[in-house]
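Both backbone and side-chain heavy atoms feed into the values below; hydrogens, waters and symmetry mates do not.
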There are 2 protein chains.
Amino acid sequence: MSEEPKPRRRQARGERRIAQLLQAAANVFCAYGYTATSTNAIAREASVSPGTLYQYFPNKEAIAIELGERLLTEMREAHGQAFTPANLALPLPEMLDVVVDPMIAFNCENPVFLALMHGSEVPGRIAEEHDALHANLLNSVRDVIAHFAPELSPEERARIADMTFAIFKGGLGLVLAAPEGAEREATIAELKTVLLRYLSPLVTVPH
Amino acid sequence: MSEEPKPRRRQARGERRIAQLLQAAANVFCAYGYTATSTNAIAREASVSPGTLYQYFPNKEAIAIELGERLLTEMREAHGQAFTPANLALPLPEMLDVVVDPMIAFNCENPVFLALMHGSEVPGRIAEEHDALHANLLNSVRDVIAHFAPELSPEERARIADMTFAIFKGGLGLVLAAPEGAEREATIAELKTVLLRYLSPLVTVPH
DNA sequence: AGAAAACGCGAGTGATCACTCGTGTTTGCC
DNA sequence: GGCAAACACGAGTGATCACTCGCGTTTTCT
């Protein structure tokens, strides 16, 4: 039961290669999907030989795992910053702004996140972690809804949270498809309008 | 320029095999996705040898094409029945019922449709046909919105139609994920609530 | 400087997959 | 019944892909 069976000494060059390989993997995963992407294609995108790739990752799945874990960590940070008690106390329209904007921004900067998390073709490990994150996000949304409409039954709250999240995911796809600039901003505004119109009739607590 | 280069005489048994193979393909595509599905797996699911499969389809892509075309034809029928002038003249809540219900029903009966049309891993031919269908559906939605809110600018209408469709797709995923029965019905009702609350403030024409 | 270890390479290897082919069986037609 | 065509089979084939290995280069440590 040794704690560190492989205390591999890694040089700065190695860390750079890993980042470079993960960036290349993100690009090709984004373009062709996980299954259709070959490890040689990742190496080529990174301008590196296949052998070099396998110096840093034991197999193809590990690349997606590492990429997924880094993205999930970032996502959890964005999630934590978005769903703070202070933000939750805001009136509904402002609350939507401070919760939706960071989530949108994260996905705009990391389009591979959706690509990896969405497909059912991803390795099991990521799917599990994604499910956990998904459950966490849903719980946060449930809490928000409970805060604005405490008299709803848990079943109703759960259903509304599911629907709210589904709307967000659908709108997110539109936002990512829109060209950056005014059109994207308009799409984001429209998404917030949808959420506001859906949720505001539920509010029974004055702010 | 002969019109029928291969007037293959097909027996009833052959037609049955084709249907059987397409059904099997639908099952495995649905479970594992197009890319991860092997032709041998399709043949096995259909209790048939690989050679038999290739008697009816020239290659793997052709299976997805044929399946996709049959589904698209059915979908177009459902679409045509849903967006009739008579239905369009209904008040908004009833209009939502008669348009949303057939679309939901089709996707519940053919879950492989979403699986094939959604992934970017599908062969190009289906993606093209799907884009065409998508554009048609969007146009129909735009017409509906123009009917209820004629004073909106075309850009606004387009954006609202895009968002409406995105909401529907997101909600559709939830509906398919819900177990059949009361829970699914409740999810469908919730989806209609979303659409109603989003669209009703736009209505400026009395019915 | 010199040794050890990390880095880097790319042809090679075994497995898997889409697809074929030679052969045997069933069906439709006279 | 008998013939031709459609149907059915499954081991085999070439290509592709994930992954390896032997060897040369660069970095780090003393």
Are there more than 12 heavy atoms of other residues, nucleotides or ligands under 6.0 Å from atom CZ of B:Phe165?
->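 More than 12 heavy atoms, drawn from other residues, nucleotides or ligands, come within 6.0 Å of this atom.
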Can you tell me the distance, in whole Å, between the CD atom of B:Gln55 and the P atom of D:dG10?
-> 14 Å
Has A:Thr52 got a side-chain N or O lying under 4.0 Å from the OP1 or OP2 atom of C:dC9?
->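 So the side-chain polar atoms of A:Thr52 do come within 4.0 Å of the phosphate oxygens OP1 or OP2 of C:dC9, strictly under.
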Please report, rounded to the nearest Å, how far the P atom of D:dC17 is from the CD1 atom of A:Ile42.
-> 12 Å
Could you list, one pair per line, each protein nitrogen or oxygen that sits under 3.5 Å from a nitrogen or oxygen of nucleotides 23-29 of chain D, together with the distance?
none

Find the distance A:Leu53:CG to D:dC17:C1' and express it as a whole number of Å.
->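 It is 13 Å, rounded to the nearest whole Å.
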If every non-hydrogen atom of A:Leu172 is compared with every non-hydrogen atom of A:Leu191, which pair is closest and at what distance?
-> N-CD2, 4.3 Å
Run the numbers on A:His118 and B:His118 for ring-ring contact (aromatic ring centres under 6.0 Å, His included), then give the verdict.
-> CA-CA 10 Å; A:His118 199 320; B:His118 198 297; 4.7 Å; yes
Would you kindly say whether B:Gln55 and B:Thr52 are connected by a side-chain donor-acceptor distance under 3.5 Å?
->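 Distance-only check fails for B:Gln55 and B:Thr52.
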A:Arg70 meets the salt bridge (charged side-chain N to carboxylate O under 4.0 Å, His left out) criterion, sequence neighbours left out, with A:Glu66
Hey, does B:His79 have a side-chain heavy atom less than 4.5 Å from the side chain of B:Phe106?
->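 Heavy-atom side-chain distance check fails, nothing below 4.5 Å.
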Give every donor-acceptor pair under 3.5 Å between a side-chain atom in residues 93-102 of chain A and any protein atom, sequence neighbours left out.
unit_1: A:Asp97; atom_1: OD1; unit_2: A:Lys192; atom_2: NZ; d: 2.8
unit_1: A:Asp101; atom_1: OD1; unit_2: A:Lys192; atom_2: NZ; d: 2.9
unit_1: A:Asp101; atom_1: OD2; unit_2: A:Lys192; atom_2: NZ; d: 3.2

Detail all sub-3.5 Å separations between protein N/O atoms and N/O atoms belonging to nucleotides 18-20 of chain D.
unit_1: D:dA18; atom_1: OP1; unit_2: A:Thr37; atom_2: O; d: 3.2
unit_1: D:dA18; atom_1: OP1; unit_2: A:Lys60; atom_2: NZ; d: 3.2
unit_1: D:dA18; atom_1: OP2; unit_2: A:Thr39; atom_2: N; d: 2.8
unit_1: D:dA18; atom_1: OP2; unit_2: A:Thr39; atom_2: OG1; d: 3.2
unit_1: D:dC19; atom_1: OP2; unit_2: A:Tyr54; atom_2: OH; d: 3.1
unit_1: D:dC19; atom_1: OP2; unit_2: A:Lys60; atom_2: N; d: 2.6

Within a strict 4.5 Å, meaning less than it, do heavy atoms of the A:Thr187 and B:Met163 side chains meet?
-> yes
Between D:dA5 atom P and B:Tyr56 atom OH, what is the distance in whole Å?
-> 16 Å
Contacts of type side chain to side chain donor-acceptor pair (under 3.5 Å), residue A:Gln20, not counting sequence neighbours |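 A:Arg17.
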Measure the acute angle between the ring planes of B:Phe29 and B:Tyr34, then classify it against the limits of 30° and 60° as parallel, tilted or perpendicular.
->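 It falls in the tilted class, 30° to 60°.
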Rounded distance in Å - CZ (B:Arg44) to C1' (D:dC9) = 16 Å
Would you say the side chains of A:Thr84 and A:Asn87 form a donor-acceptor pair under 3.5 Å?
->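 Their side chains do contain a donor-acceptor pair, which is all the 3.5 Å distance test asks for.
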Residues from residues 18-29 of chain B lying under 4.0 Å of DNA chain C - heavy atoms | none
